[in-house]
Amino acid sequence: MLQSEFKKLRFVLLAVVLLWVKTYIVYKFVFEMKIENTIQEFILLLSPLSSLLCFIGLALFTKGKWHLYCTIVCSFLLSALLCANVVFYGFFNDFITLPVLFQTNNMGDLGSSILELLTYKTVLLFADLFLLLIIAKRFPAFIPKASLSVKGRMVYFLSASLLFITNLVLAETERPQLLTRSFDRKMLVKNIGLFNYHTYDAILQSRSSAQRALADSNKLVEVENYITNNKKKPQHRLFSIAKGKNVIVISMESVQNFVINNTVNGQVITPFLNDLIKRSYYFNEFYHQTGQGKTSDAEFIMENSLYPLDRGAVFFTHAGNEYVAVPEILKDYGYYSAVFHANAKSFWNRDFMYPSLGYDRYFHSASFSIDAANSVGWGLKDRDMFEQSISYLKSLPQPFYAKFITLTNHFPFHLGQEEQHISAYTSQSSTLNRYFPSVRYTDESLQYFFERLKQEGMYENTIFILYGDHYGISENHNKAMAQYLGKADLTPFDHVQLQRVPLIIHIPGHKGGVISRVSGQIDVKPTILRLLGIEKRRDIHFGEDLFSPAKEQFTILRDGSFITKEYIYTGSVCYDKKGIATDINNCVPYIERAKTELQYSDKLIYGDLLRFFEGNMHKSKENKTQLYEKKL
Ligand code: GP9
Ligand code: MN
């Protein structure tokens with residue numbers, strides 16, 4: 001009896017074991033899960049099993065050829081999910097979340113980057129399916145003619161649930177509050193398994209959709225109270241210094257701070273920026289705070305002074321929200337606003353998000369003439385983008401707020417021979433090697449843009465804000481990066497330090513200076529507004545004016561890590577500024593605050609709370625639709 005029941009189960013079990021082994025190999029060699037003790041190793045091994053048993057176990061309700069189809073389809077879907085995560089991980093060093101899955105209109109444009117990551121190894125991820133098919137063909141007896149008895153199925157699914165509970169208990173002992181503090185996806189995957197993680201993510205998604213429906217204006221007051229109680233009143237340094245001037249903001253793709261004033265093979269990497277810095281305010285302790293939305297998150301943080309979300313890109317998930325972004329505020333002060341970015345207009349859902357941010361005009365790939373000769377990597381070369389933008393810029397009503405988003409220095413950092421003006425680095429990471437000539441290319445394009453603006457007489461009356469959007473070199477290249485920085489290896493402390501990106505505020509005629517105070521992208525909105533002499537009676541921002549001596553040195557990264565004047569907190573460890581792990585009590589006062597602040601910002605976005613903001617209340621939906629129809 002038992003034997004005949006087992007025979008009805010063995011094809012499913014075989015599929016489960018194959019997928020289990022495969023997932024474990026991926027954990028170890030692709031996701032490089034770090035293990036500190038035997039319990040963790042055991043959890044890692046155990047974690048995929050319960051979900052695999054449950055999903056592939058669906059085939060136990062079928063018999064004959066349907067049993068075969070069902071097993072293969074379930075295994076295929078789970079393998080495809082694994083494969084998608086492998087590719088995604090290679091690119092973003094992170095796991096897929098549901099909102100990211102819906103960003104498929106980004107996928108076409110990701111072309112070259114995805115191809116770079118799709119290797120024979122990714123194909124190998126489907127090898128077990130072929131094995132299953134061969135077994136089914138050669139040993140037809142493996143496919144049961146009758147389905148498993150009801151009792152048999154009950155025992156099967158009960159055992160799977162028991163396994164899941166054991167896994168959860170062990171994980172919770174090893175990592176308390178694992179599920180409630182869902183900052184760190186790697187930790188989640190490591191402890192509950194990739195497939196359970198995706199189920200958990202789906203639950204989070206449905207919960208966040210409910211939040212908007214339940215939100216009311218009292219929640220907005222709660223957030224405002226938090227801000228009033230925790231943020232310092234800015235002092236008046238440089239207030240109104242650039243009143244009425246044009247503003248040009250430049251997003252420098254993947255430019256990290258370590259390249260500034262630095263060399264590779266004895267060659268200066270960013271000669272133009274190094275020179276510009278001498279006549280600008282340069283913030284060398286400035287951190288990017290982006291999450292999965294990368295460039296778009298940086299744009300979102302800078303213009304709203306809100307945090308991005310911990311899952312997905314807010315540009316995609318909440319483009320229909322009400323915001324009080326810089327372009328919209330500036331409109332009330334007579335400014336015209338425009339964005340220049342030579343990518344497809346729908347990338348990061350920009351064509352829907354920009355109207356919500358209050359932009360008047362969006363110059364995207366269709367606005368530029370792009371051909372094989374002036375393209376590289378992701379599209380139009382930066383220098384050509386700047387060159388072709390000049391006439392558009394000249395035609396804008398003044399004063400304007402114009403944002404330029406560079407693109408050439410994007411992973412995988414390929415350039416043509418003629419654009420490489422310094423030699424590549426030599427290390428085991430070809431990505432890091434190519435990064436340096438690629439950054440130099442951005443530097444030269446910026447130099448060209450500034451020269452042109454001067455020639456066109458558009459320099460003097462403009463202030464410039466240049467910032468690195470996010471890291472370019474992910475943790476996957478830590479070994480090579482350590483070699484470049486002359487370190488034995490990179491610690492989590494070093495990793496946080498590497499999240500620094502340059503922020504340069506250039507005001508023609510101002511001497512500027514280096515400002516070494518801890519800050520982040522969240523601080524840019526209030527800074528721009530105050531430089532332009534705009535003080536709103538009521539506004540919501542989590543950042544503080546960078547020029548205010550009262551500004552607190554406390555910057556929170558999206559994964560809950562933070563930096564203060566004296567400490568860096570990451571991965572539950574408190575480091576001093578020399579990178580030495582210190583007493584956690586030094587960080588304790590900030591840990592709760594960092595968590596609360598991120599939660600308030602999330603609440604504001606998930607609940608679309610700014611729709612209750614007095615300035616937004618009167619805006620009719622019609623207005624917004626008209627903006628969309630205007631097709632920026
Ligand atoms: C795409 C560009 C690059 O339009 O902003 O996006 P990223 O991958 O860096 O977020
Ligand atoms: Mn980017």
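Note that ligands are numbered from 1 as they come in the structure, with each ligand's atoms numbered from 1 the same way.
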Does NZ or CZ of Lys331 come closer than 6.0 Å to the centre of the six-membered ring of Tyr359, within 45° of the ring's axis? no

ang(OD2 Asp469, the Mn ion (ligand 2), OE2 Glu253) rounded to 10° is 110°

I'd like to check whether His341 has a polar contact with ligand 1, where a contact means an N/O of the residue lying under 3.5 Å from an N/O of the ligand. yes

List every atom of ligand 1 that sits less than 4.0 Å from any heavy atom of His470, numbering the atoms from 1 in the order shown and giving each element. 9 (O)

Find all atoms of ligand 1 within a distance of less than 4.0 Å from any non-hydrogen atom belonging to Leu407, and give their numbers and elements. 1 (C), 2 (C), 3 (C)

Strictly under 2.8 Å, is the Mn ion (ligand 2) approached by any N, O or S atom of His470? yes

Structural part of Phe411 in contact with ligand 1, heavy atom criterion under 4.0 angstrom: neither

Quick one: does Asn262's side chain have a donor or acceptor within less than 3.5 Å of a partner on Phe258's backbone? yes

Show me which atoms of ligand 1 lie under 4.0 Å from any heavy atom of Glu253. 3 (C), 9 (O)

Do NZ/NE/NH1/NH2 and the carboxylate oxygens of Arg350 and Glu299 come within less than 4.0 Å? yes

Does any N/O atom on His410 come nearer than 3.5 Å to any N/O atom on ligand 1? yes

Between Lys294 and ligand 1, does any nitrogen or oxygen pair lie at a separation below 3.5 Å? no

Closer than 2.8 Å to the Mn ion (ligand 2), do we get an N, O or S atom from Thr295, backbone or side chain? yes

Residues Glu444 and Arg440 bridged, charged N to O under 4.0 Å: yes

How long is the gap from CE on Met458 to CZ on Phe450, to the nearest 0.5 Å? 12.5 Å

Pairwise distance OG1(Thr317) to CG(Asn349) - rounded to 0.5 angstrom: 9.0 Å

Can you measure from NZ (Lys294) to NE2 (His470) and round to the nearest 0.5 angstrom? 4.5 Å

Short N/O distance, under 3.5 Å, between Ser296 and ligand 1? no

Under a 3.5 Å distance rule, please check whether Asn433 uses its side chain to pair with a backbone N or O of Ala424 as donor and acceptor. no

How does Thr295 reach ligand 1, by side chain, by backbone, by both or by neither, if only non-hydrogen atoms under 4.0 Å count? both

Pairing of Asp602 and Arg558 as salt bridge, 4.0 angstrom limit: yes

Ligand-side contact atoms (ligand 1) for residue partner Asn343, heavy atom cut-off under 4.0 Å: 1 (C), 4 (O)

Which atoms of ligand 1 are found less than 4.0 Å from any heavy atom of Trp348? 6 (O), 7 (P), 10 (O)

